[in-house]
Amino acid sequence: MSHSRAEGEPDGAHGEGDESPDDVAAILEADLERLTDERDELRALAQQVQAEFENYRKRMLREQTQQIERANEGLVEQLLPALDSLEAAIAQLDDGANENVRKGLELVHAEVYSVLQKAGLEKIDAEGQPFDPNEHEAVMHEPDEGGEPTVRAIVRTGYRLKGRVLRPAMVKVSG
């Protein structure tokens with residue numbers, strides 16, 4: 001059976017016969033190019049959305065981590081006076097004090113400090129070190145013939161939290 005046009009149908013009603021194979025190829029090539037361009041645009045858009053989402057995810061993770069660190073910093077800072085009190089209590093015990101009391105206080109101090117160390121707390125090593133206003137707070141000064149100011153005694157322990165000074169050490173300086 002041949003495909004011919006029905007009687008009374010005008011030429012080109014179905015689009016057959018009035019286009020040459022070159023015209024059909026040109027139309028198909030144009031459609032292919034249009035579809036390829038559209039695909040490329042959609043792919044670029046999908047990649048952009050994916051990149052934006054990844055950046056958003058990383059930013060949210062970073063903000064959550066910072067928020068947790070700020071909360072930890074506040075808690076650690078609130079516990080420092082308790083740590084100071086334990087240190088002072090241990091220092092105030094005289095030689096006649098009950099050894100069990102001393103050991104108990106030292107154990108509690110060590111446990112509290114250990115927990116805080118796991119959170120990133122570290123003591124600022126100050127005694128005998130050159131005075132550093134970024135890490136030390138001078139509360140007493142002793143004149144000395146030496147040149148550079150040096151920490152002679154620690155009045156209150158200073159601490160860093162994850163490498164950043166949380167509380168400077170109160171120190172006695174000479175020099």
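- For the atom pair CZ (Arg59) and CD (Gln64), the distance works out to 12.0 Å, reported to the nearest 0.5 Å.
- Looking at heavy atoms from C-beta onward, Val173 lies in side-chain contact with Pro149 at the 4.5 angstrom threshold.
- To the nearest 0.5 Å, atoms NZ (Lys172) and CZ (Arg152) are separated by 10.0 Å.
- Among residues two or more places apart in sequence or in another chain, the ring pair (Phe, Tyr, Trp, His ring centres under 6.0 Å) test is passed with Phe131 by His136.
- Within the 4.5 Å cutoff, side-chain heavy atoms of Leu121 are placed close to those of Leu166.
- Considering only heavy atoms from C-beta on, Val155 comes within 4.5 Å of Met140 through its side chain.
- Counting all heavy atoms, side chain and backbone alike, Thr150 lies closest to Gln129 at CG2-O, 3.5 Å.
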Which pairs would a plain distance check flag for residues 31-52, meaning a side-chain donor or acceptor within less than 3.5 Å of a matching protein atom at least two apart in sequence or in another chain?
unit_1 : atom_1 : unit_2 : atom_2 : d
Thr36  : OG1    : Leu32  : O      : 2.7
Gln48  : NE2    : Glu52  : OE2    : 3.2

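- Every residue two or more places apart in sequence or in another chain was checked for a salt bridge (Lys or Arg N to Asp or Glu O under 4.0 Å) with Arg70, and none qualifies.
- Listed by chain and residue number, nothing satisfies the salt bridge (Lys or Arg N to Asp or Glu O under 4.0 Å) test with Glu29 (two or more places apart in sequence, or in another chain).
- Side-chain contact between Asp84 and Arg156 is present, with heavy atoms from C-beta onward closer than 4.5 Å.
- Counting only heavy atoms from C-beta outward, the side chains of Arg160 and Glu135 approach each other to under 4.5 Å.
- Closest non-hydrogen pair, Ala126 versus Val171, comes out as CB-CG1, 4.1 Å.
- The existence of a salt bridge linking Glu69 and Lys162 is confirmed by a sub-4.0 Å separation between a basic side-chain nitrogen and an acidic carboxylate oxygen.
- Residue-environment remark: CD (Glu63) exceeds the threshold of 12 foreign heavy atoms within 6.0 Å.
- Between Val165 and Ile124, the closest side-chain pair of non-hydrogen atoms falls below 4.5 Å.
- Shown here is Gln92, whose CD atom has no more than 12 heavy atoms of other residues, nucleotides or ligands within 6.0 Å.
- Closest approach of Glu122 to Gly163, counting heavy atoms only: OE2-N, 4.1 Å.
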For residues 73-83, which side-chain donor-acceptor pairs fall under 3.5 Å, sequence neighbours excluded?
unit_1 : atom_1 : unit_2 : atom_2 : d
Glu73  : OE1    : Arg164 : NH2    : 2.5
Glu73  : OE2    : Arg164 : NH2    : 2.7

If you look only at distance, which donor and acceptor atoms sit under 3.5 Å apart when one is on a side chain in residues 104-117 and the other is two or more places apart or in another chain?
unit_1 : atom_1 : unit_2 : atom_2 : d
His109 : NE2    : Glu87  : OE2    : 3.3
Tyr113 : OH     : Lys123 : N      : 3.2

